[in-house]
There are 2 protein chains.
Amino acid sequence: MNDKKDQIAISEILSKAGVNPTAQRIAVFKYVHNESDHPTPEQVKVAVDRVFPKISLATVYNTLNALVEAGLVKAVKLPNSGKVCYDANTAKHYHFIDEKQGLLLDLDLKDIKIDLNLSTQFEVKDVDVFIKGHYSG
Amino acid sequence: MNDKKDQIAISEILSKAGVNPTAQRIAVFKYVHNESDHPTPEQVKVAVDRVFPKISLATVYNTLNALVEAGLVKAVKLPNSGKVCYDANTAKHYHFIDEKQGLLLDLDLKDIKIDLNLSTQFEVKDVDVFIKGHYSG
DNA sequence: TTAAAAATATAGAATTATTCTAATGTGGGT
DNA sequence: ACCCACATTAGAATAATTCTATATTTTTAA
């Protein structure tokens, strides 16, 4: 049972990050981490509902927030639609957005070189980049 | 009266952009353009309320949308708070966000050099950059 | 083991931001 | 003056998210 093995592995990841690995949390993280690409909370709910006899949307939000807190996933708020997506890729990276197709793709750090030339008044903590355009994949 | 002169000038700007310069629209654009820095719709309403006997919030939204349509202002949806701000600076530029202080500052193009190295599948239309950190001004 | 304490999960209400709707108002042209 | 297209309006509707109060499960420790 691959599923069982997954669950144990994920359970450990959660524990290590200080998140109590309840069944719901395992299911949510498993979906975000292994089975999806930048899902919204709504999508997470729909997916987890198939495993669970109805998880509540509040729990999905609680869990996603807890996972973000713990640094296990990242929340990406899109600069246009304003929708939040959750990203299991916690390494620093950028995003490409194809609004027409509703696509959100990860871009590797090495694909974008950024040179900041700011005065010392600006203490930079993070850089978000969203490239918008059309993807023909 | 400087105010009157402003109004006429703004009226002309609106007309030229194909927006019928009604009193409400002039007041909204005047505030966004001359008297504020990245206001939210709510802030626009509060400000314009002082000039007008109560503009409706719907009109503020309609007007801001019309101004965006006409290319006279830009809407900036912040990648964290999700709030929309309106930006009278329609030239291409980037943003610095200090969440702690609730600051949103414009960054000039020349302050940030961006080198994209994407495969030809990516047809780039726009690049949004949000630098987050602390500003000590 | 068992009952109190703590942590989670839940449904549904509340909040916030925005858009829609349908009715009303306004100004320019005939 | 009268029409017509366009604006404005209040308030309802929608959507995303958070809060609240209750229920359930888990842990602790006697």
Side-chain angles (χ1 to χ4, degrees), chain A residues 10-11 14-15 17-32 38-49 51-70 72-86 102 104, chain B residues 7-8 10-11 14-15 17-32 38-49 51-70 72-86 102 104:
Chain A
I10 282 170
S11 182
L14 295 185
S15 294
V19 177
N20 205 343
T22 66
Q24 286 91 333
R25 288 172 177 177
I26 291 171
V28 167
F29 184 63
K30 186 152 163 284
Y31 178 69
V32 175
H38 301 105
T40 63
E42 199 55 56
Q43 291 174 304
V44 173
K45 173 167 171 34
V46 170
V48 174
D49 271 350
V51 177
F52 259 81
K54 299 274 169 224
I55 191 173
S56 99
L57 190 53
T59 299
V60 171
Y61 275 100
N62 289 343
T63 300
L64 289 170
N65 287 339
L67 294 175
V68 170
E69 281 282 292
L72 292 175
V73 305
K74 271 170 112 177
V76 185
K77 199 160 281 185
L78 304 184
N80 6 267
S81 76
K83 292 226 171 137
V84 198
C85 297
Y86 287 87
L104 178 58
Chain B
Q7 236 149 284
I8 292 171
I10 283 171
S11 181
L14 295 184
S15 293
V19 177
N20 206 340
T22 65
Q24 287 91 331
R25 288 173 177 177
I26 291 171
V28 167
F29 184 65
K30 184 151 163 285
Y31 178 69
V32 175
H38 300 107
T40 63
E42 199 56 54
Q43 291 174 304
V44 173
K45 173 168 170 32
V46 169
V48 175
D49 270 350
V51 178
F52 260 83
K54 301 278 168 217
I55 190 173
S56 100
L57 190 52
T59 300
V60 173
Y61 274 101
N62 289 344
T63 300
L64 289 171
N65 288 338
L67 293 176
V68 170
E69 280 282 292
L72 292 175
V73 305
K74 270 170 110 177
V76 185
K77 198 161 283 188
L78 303 184
N80 7 267
S81 75
K83 292 226 171 134
V84 199
C85 297
Y86 287 87
L104 178 59

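A, B, ... follow the sequence lines: proteins, then strands. Residue 1 opens every chain. As the structure is a prediction and not an experimental result, all values here were calculated from the model.
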Out of [options], which has the shortest distance to the side chain of [X]?
{"X": "A:Ala58", "options": "D:dC6, D:dC19, D:dT17", "result": "D:dC19"}
{"X": "B:Thr63", "options": "D:dA16, C:dA9, D:dT8", "result": "D:dT8"}
{"X": "B:Asn62", "options": "D:dA7, D:dT9, C:dT8", "result": "D:dT9"}

Using only side-chain N and O atoms of [X], determine if any of them is under 4.0 Å from OP1 or OP2 of [N].
{"X": "B:Lys54", "N": "D:dT9", "result": "no"}
{"X": "B:Thr22", "N": "D:dA7", "result": "no"}
{"X": "B:Ser56", "N": "D:dG11", "result": "no"}
{"X": "B:Tyr61", "N": "C:dT18", "result": "yes"}
{"X": "A:Thr40", "N": "D:dA16", "result": "no"}

Over all atoms of both residues, closest heavy-atom pair of B:Phe29 and B:Ile10
CD2-CG2, 3.6 Å

Rounded to the nearest 0.5 Å, how far apart are CG of B:Leu67 and CG of B:Leu14?
6.5 Å

Once you round to the nearest 0.5 Å, how far does NZ of A:Lys54 lie from NZ of A:Lys45?
5.5 Å

Nucleotide [N], atom [atom2] - distance to [atom1] of [X] in whole Å:
{"X": "B:Glu42", "N": "C:dT15", "atom1": "CD", "atom2": "C1'", "value": "13 Å"}
{"X": "B:Asn20", "N": "C:dG28", "atom1": "CG", "atom2": "P", "value": "9 Å"}
{"X": "B:Gln24", "N": "C:dT26", "atom1": "CD", "atom2": "C1'", "value": "10 Å"}
{"X": "B:Lys77", "N": "C:dT19", "atom1": "NZ", "atom2": "C1'", "value": "12 Å"}
{"X": "A:Ile55", "N": "C:dT8", "atom1": "CD1", "atom2": "C1'", "value": "11 Å"}
{"X": "B:Asn65", "N": "C:dA17", "atom1": "CG", "atom2": "C1'", "value": "12 Å"}
{"X": "B:Leu57", "N": "D:dA10", "atom1": "CG", "atom2": "P", "value": "10 Å"}
{"X": "B:Arg25", "N": "C:dT26", "atom1": "CZ", "atom2": "C1'", "value": "13 Å"}

Which residue is it: A:Asp49, A:Val46, A:Thr63? I am looking for the one with a side chain to side chain contact (heavy atoms under 4.5 Å, CB included) to A:Ile55.
A:Asp49

Given A:Pro39, which partner from the list A:Val32, A:Val28, A:Leu64 fulfils the side chain to side chain contact (heavy atoms under 4.5 Å, CB included) test?
A:Val32

